[in-house]
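A quick note: this is a predicted structure, and the numbers were derived from the prediction, not measured. No hydrogens, no waters, no symmetry mates; every other heavy atom, side chains included, goes into these values. Numbered from 1 within each chain, the chains take letters A, B, ... in sequence-line order.
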Amino acid sequence: DGGITQSPKYLFRKEGQNVTLSCEQNLNHDAMYWYRQDPGQGLRLIYYSQIVNDFQKGDIAEGYSVSREKKESFPLTVTSAQKNPTAFYLCASRGGRTNEKLFFGSGTQLSVL
Amino acid sequence: AQKVTQAQTEISVVEKEDVTLDCVYETRDTTYYLFWYKQPPSGELVFLIRRNSFDEQNEISGRYSWNFQKSTSSFNFTITASQVVDSAVYFCALSEAPRGGSYIPTFGRGTSLIVHP
């Protein structure tokens with residue numbers, strides 16, 4: 001079945017550590033997104049990528065970095081510069097050239113030790 | 001700039017009650033799309049409906065119905081005869097014309113629906 005796979009489901013970060021969240025899709029979608037979800041805050045856009053080797057900052061990109069070396073993969077690194085990383089992170093993708101729906105992964109819960 | 005407001009943080013109902021989730025949006029574009037997504041406890045958002053700004057026809061899908069009114073900038077979602085399985089967080093989202101070639105949806109804060117047996 002086609003879909004988006006996020007791993008790990010749970011992740012713990014130590015002080016000063018960088019951690020990377022994985023997002024893989026086999027939907028052949030060009031566009032991919034990373035959202036952060038905090039309780040009561042809804043979804044806020046971190047980064048998005050329209051095509052391979054190109055990505056743009058979203059509304060809350062500080063303390064995060066991404067890469068898009070392959071169409072299928074859009075990993076998110078939470079750096080030590082992100083002082084409040086505890087949140088639920090959702091990866092999404094979108095196919096087509098029009099305003100189509102997003103397909104979401106099952107998310108990664110990141111917590112600080 | 002686009003904005004979505006879901007004023008209801010949490011709604012609690014008893015099974016078989018009807019419930020309406022409100023969504024109010026702001027946009028300067030004349031062409032835009034509105035969406036509803038459901039987030040069950042598993043965490044993955046599931047698409048429910050998409051509506052473009054030129055189609056104000058209401059839609060019904062089983063126990064779900066949507067009321068789109070441009071005059072009040074609202075896109076409300078009603079669940080008829082609610083069931084325990086409807087318990088989830090529901091998000092309304094708005095997507096305008098592409099920004100730098102990309103469609104960037106803006107989400108509301110979500111409404112948590114709890115359906116008691």
Determine, step by step, whether Phe91(B) and Gln37(A) satisfy the side-chain contact (heavy atoms from CB on, under 4.5 Å) criterion, reporting the C-alpha distance in whole Å, the side-chain angles of both residues, the deciding distance to 0.1 Å, and the verdict. CA-CA 12 Å; Phe91(B) 289 95; Gln37(A) 183 179 11; 3.3 Å; yes

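- A 6.0 Å sphere centred on NZ of Lys70(B) holds more than 12 heavy atoms belonging to other residues, nucleotides or ligands.
- A distance of 7.0 Å separates NZ in Lys9(A) from OG in Ser42(B), rounded to the nearest 0.5 Å.
- Interface remark: Thr9(B) contributes no atoms to any contact with chain A (heavy atom separation under 4.5 Å).
- Checking side-chain atoms of Tyr37(B) against main-chain N and O of Leu102(A) turns up a donor-acceptor pair under 3.5 Å.
- For the pair Tyr33(A) and Ile104(B), the minimum side-chain heavy-atom distance is below 4.5 Å.
- Neither the backbone nor the side chain of Gln6(B) comes within contact range of chain A, judged by heavy atoms closer than 4.5 Å.
- Interatomic distance, Phe107(B) CZ to Gln41(A) CD, rounded to the nearest 0.5 Å: 15.0 Å.
- Counting heavy-atom neighbours within 6.0 Å of Glu59(B) CD, excluding the residue itself, gives a total above 12.
- By the 6.0 Å contact criterion, NZ on Lys14(A) is open, its count of non-hydrogen atoms from other residues, nucleotides or ligands being 12 or less.
- Leu45(A) and Tyr89(A) fall into different hydrophobic clusters, where Ile, Leu, Val, Met, Phe, Trp and Tyr side chains are chained together by heavy-atom contacts under 4.5 Å.
- The greatest number of non-hydrogen atom pairs below 4.5 Å with chain B, out of Phe104(A), Phe103(A), Tyr35(A), is found for Phe104(A).
- By the rule that hydrophobic residues join a cluster once side-chain heavy atoms approach within less than 4.5 Å of another member, Leu48(B) and Ile79(B) end up as members of one cluster.
- At a threshold of 4.5 Å between side-chain heavy atoms, the hydrophobic network of Ile, Leu, Val, Met, Phe, Trp and Tyr places Tyr90(B) and Val24(B) in two separate groups.
- For Tyr10(A), the OH atom is loosely surrounded, since the number of other residues' heavy atoms within 6.0 Å does not exceed 12.
- Proximity to chain B (any heavy atom under 4.5 Å) is restricted, for Leu90(A), to the side chain, taken from C-beta onward.
- Around atom CG of Leu113(A), more than 12 heavy atoms belonging to other residues, nucleotides or ligands sit under 6.0 Å away.
- Looking at Phe88(A), the atoms closer than 4.5 Å to chain B (heavy atoms on both sides) all sit in the side chain, from C-beta outward.
- Gln6(A) does not touch chain B: none of its heavy atoms, backbone or side chain, sits under 4.5 Å away.
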